[in-house]
Amino acid sequence: MDFDFTEEQLMLRGLARELLTAECPPTEVRAQMEDARGYSPSLWRQLAETGLLGIAVDEAHGGQALGMVELALVLEEMGRAAYPGPYLPTVVLAASALAAGGSRAQLDRYLTGIADGSVVATLALMEDRLAAGPEGIELRARAQGGEYVLTGHKRFVPFGHVADLILVAARTSEATDPRAGVTIFALDRDTPGISHQPNVQIDLTNKTSTLTLENVRVGADAVVGQVDGGWKILDGVLRRASVAAAAVMLGSARKCMELSVEYAKVREQFGQPIGTFQAIKHACAEMLVEVENAHGATYYAAWALDAAAPDAAFAASVAKSYVGEAARKVCGSAIQVHGGIGFTWEYDLHLYFKQAKLLEALYGDAEHHREQVLTEILAPAAVPALA
Amino acid sequence: MDLNESPEHRAYRARVRAWFEQHRPGSLDTFEDRRAWHRTLYDAGFVGMGWPKAYGGQDASPIEQAIVGEEMVRAQVPGTINALGIGFIGPTLIAHGTEAQKQRYVKKILTAEELWCQLYSEPGSGSDLASLKTTAVRDGDHYVVNGQKVWSSQAYNADYAILLARTDPTAPKHKGISYFILDMRAPGVDVRRLKQITGSSEFCEEFLTDVRIPVENRIGEEGQGWELAQTTLGFERGGNLLARVTAHKLTINRLIEVCKTLPRNGGVAIDDPLVRQKIGKMLAEVEVLRYAGLRLLSKLEKGQRPGPESSVDKLYYSEMDKRHQELILEILGPFGQLFEGGPPEVALNLRSTREDEGSWAYNYLWSRAGTIYSGSSEIQKNIIGERVLKLPREPRADRMARA
Ligand SMILES: Cc1cc2nc3c(=O)[nH]c(=O)nc-3n(C[C@H](O)[C@H](O)[C@H](O)COP(=O)(O)OP(=O)(O)OC[C@H]3O[C@@H](n4cnc5c(N)ncnc54)[C@H](O)[C@@H]3O)c2cc1C
């Protein structure tokens, strides 16, 4: 029983923090906010050089084959930095889907590219019904002469507009069980018939878009995993994405708490630091409770995924639902503690506040994951975590 | 990071679980029944597990203690009695008592031969405990004690108390306090039961009139009482988080069972999305407390002692309990209001570890206590703010007077 990080894990975290502190200060975040691409290719190369893009990719494809705990440590640092870029979509969403179901050719081409930084990738999942589960996938892929023709649209595709590789979840056959009949296709960015409509959204640093597919034709070699068997892969991907999002939100929350505590020590009103006032002190204390709990939830879930623990799915949903709300509360409370300056564009708090809000909504919101938590408990083989 | 239970601990858990399957309490109607069951637990080595062998403990590891705590709750048997004695009076004596005091009192705390209570709070001194007015005046080889104490849990049953009293009225308020062992049967100790909002009478008030305490019953030096009280409160707040988690899970399990038959909106409650959201939230929050428990254990196993950080857990679990009991009563509607007499399929139906029969109604009322006793939520937040986050201290009249 050991809930602490190993030396190696702490070194990895140190490496990520150092790189992001140096290369991704708030000025850089703001620069990317204004940029249509929304991320810095040069920083992306540095992430590749330091091994952070291939962190969870297997060694045969140029990665380090580390686990979800390591990934979460890096993602938490990204949350701290309000890092703007397609790290989560590429390294978590796309890489996990490929690793779980990619053909040899797909792995060689895409996974290697992800590790070496040449491929930015994403996953297009949600549509109009906004369901995080399989019932939300309605986009059709029709088989036609050994090819598939995809028509429809996908919403909230993270960094879809710059992705070299877009994994699209489509429906290849109808069945009563929405989990059946889903297939994942790997589309290259310049495949004819693909277009993007960028979203104008709260979070300007993690850009998303609506992806429209009009008679997009791809060969059978674009299928990732089995035809009609995509949901099994996506289920695992979403589990990892939930924990990844929790890690980023944890980073945002921790940063907001630290900024608030520092500010409460120096900002004076009524002749004393505002941190002497209980309303402010108690707000900070509540932030700490949420941050500590969010830490426990995130890293327990990350560990459970790595250990393939029987309660891994349960823990991932606990983490996403808990941390999503915790981060919203903490980042929001930070703005309150800062008063007017906290509401100012020039001040950095809103960067974290906004990123956390986006991630709270993506990959299943708190309601979705609370339902999952209960479903797991009610399942015939209830998680052993329950006494 | 490795959160797996080791094979040794898994084996230990299996042995403990088997023990509880083979040993069930008989009748628990009287206090003596409870004491007999406590003695069985002690003889099995399950009471005061972390205490030194020399004083009747087991020198057990924190994980073993946690396992027993969890299994005891899981077995739905009442836990130990003498909760205050075992939770923190014994540990305080072990840390600060003289050898004679340890020999005299510690083991009897464990066996529950002698029951203890804590006389700290006074009508005018709760959160601001250091303002207490009860006096202990030296008279030869005795102290003469006068004053009033209140809200003392289990005092009606207690043989002994730890008592905080002022020995030096001229010293700054935190410095003039001393720490005593009080014989509750001594002349001049008048104990009156107080009725709580639950309707039962677990706590009491005491009137102390010219009570004589022998000098050898002082713990620590004269004037050291405040310091000692701080360490005891630390023990109290540490708590056994995982046993708490198990208890919460049993309650939620039962709630789920009830919701499978409870009619609601033309179906049963468990199919109602609003009910599902509430239960899902409770499950997630309890699970988060489990992770806090595991983190604490991981620290304890490495020999680290949590300091003021333990306020984070206390604040979370007491507020969580309050929130959850409210959610439960929202789900159960008027059925949640019943202490007894409702349809059995809706009842809590879990044996309480307290004197009362377990009921949703009782738990709902009782949940208001956790955010008050052992340092209210507001006080915990002050502690977290000032001692953990190092925010500037609140200007307070007593501190200004000292400055
Ligand atoms: C079930 C139960 C069992 C108990 N058992 C025992 C026992 O065995 N032995 C014993 O000695 N005592 C016991 N107590 C008493 C308990 O320790 C006190 O009730 C507690 O310390 C609070 O003190 P108080 O009741 O005087 O409230 P007060 O201190 O008067 O507080 C009233 C309100 O003011 C707030 N407040 C006070 N000071 C501050 C501050 N500085 N900043 C912000 N807010 C503040 C409090 O949080 C509270 O909300 C028990 C209490 C309960 C409810």
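Just so you know, these numbers use all the heavy atoms, side chains as well, and skip hydrogens, waters and symmetry mates. Chain identifiers are assigned alphabetically (A, B, ...) following the order of the sequence lines, protein sequences preceding nucleic acid strands; residue numbering begins at 1 within each chain. These numbers were taken from a predicted model, which means no experiment stands behind them.
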Where do B:L294 and A:M1 land on the side-chain contact (heavy atoms from CB on, under 4.5 Å) test, with the steps shown first? CA-CA 8 Å; B:L294 293 177; A:M1 232 298 299; 4.1 Å; yes
Considering non-hydrogen atoms only, spot the tightest contact between [X] and [Y] and give its length.
{"X": "B:S298", "Y": "A:F3", "result": "OG-N, 2.9 Å"}
{"X": "A:V373", "Y": "B:A284", "result": "CG1-N, 4.3 Å"}
{"X": "A:A285", "Y": "B:G385", "result": "CB-N, 4.3 Å"}

Say you draw a straight line from [atom1] of [X] to [atom2] of [Y]; how long is it, rounded to the nearest 0.5 Å?
{"X": "A:K281", "Y": "B:E378", "atom1": "NZ", "atom2": "CD", "answer": "13.5 Å"}
{"X": "A:Y300", "Y": "B:M1", "atom1": "OH", "atom2": "CE", "answer": "9.5 Å"}
{"X": "A:S260", "Y": "B:L391", "atom1": "OG", "atom2": "CG", "answer": "10.0 Å"}
{"X": "B:I279", "Y": "A:R370", "atom1": "CD1", "atom2": "CZ", "answer": "12.5 Å"}
{"X": "B:E309", "Y": "A:L288", "atom1": "CD", "atom2": "CG", "answer": "9.0 Å"}
{"X": "B:R276", "Y": "A:E367", "atom1": "CZ", "atom2": "CD", "answer": "14.0 Å"}

Is the number of heavy atoms from other residues, nucleotides or ligands within 6.0 Å of [atom1] ([X]) greater than 12?
{"X": "B:Q22", "atom1": "CD", "answer": "yes"}
{"X": "A:R179", "atom1": "CZ", "answer": "no"}
{"X": "B:Q304", "atom1": "CD", "answer": "yes"}

Is chain B contacted by the side chain of [X], its backbone, both, or neither, given a heavy-atom distance below 4.5 Å?
{"X": "A:E262", "result": "neither"}
{"X": "A:A283", "result": "neither"}
{"X": "A:Y299", "result": "both"}
{"X": "A:Q9", "result": "side chain"}
{"X": "A:E258", "result": "neither"}
{"X": "A:V261", "result": "both"}
{"X": "A:E286", "result": "side chain"}

Just so I know, are the side chains of [X] and [Y] near enough to count as touching, which here means a heavy-atom distance under 4.5 Å?
{"X": "A:Q272", "Y": "B:P392", "answer": "no"}
{"X": "A:L378", "Y": "B:I256", "answer": "yes"}
{"X": "B:E287", "Y": "A:F314", "answer": "yes"}
{"X": "B:E301", "Y": "A:D2", "answer": "no"}

Specify which of B:L315, B:V286, B:D2, B:L297 makes the most heavy-atom pairs with chain A at under 4.5 Å. B:D2
Between chain A and each of B:V288, B:I384, B:V312, B:I270, count heavy-atom pairs under 4.5 Å; write down the option with the most. B:V288
Residue pair B:E394 / A:Q278, side-chain donor-acceptor N/O under 3.5 Å: yes
Contact part of [X] toward chain A, heavy-atom cut-off under 4.5 Å: side chain, backbone, both or neither?
{"X": "B:K390", "value": "both"}
{"X": "B:L289", "value": "neither"}
{"X": "B:Q277", "value": "both"}
{"X": "B:K260", "value": "side chain"}
{"X": "B:V388", "value": "side chain"}
{"X": "B:L389", "value": "both"}

Proximity of residues 3-10 of chain B to chain A, residues having a non-hydrogen atom under 4.5 angstrom: B:L3, B:N4
I'd like to know if A:D4 and B:R295 make a salt bridge, using a cut-off of under 4.0 Å between side-chain N and carboxylate O. no
Go through A:I280, A:N293, A:T6 and name the one with the most non-hydrogen pairs under 4.5 angstrom from chain B. A:N293
Would you call the rings of B:Y316 and A:Y322 parallel, tilted or perpendicular, taking 30° and 60° as the class edges? perpendicular
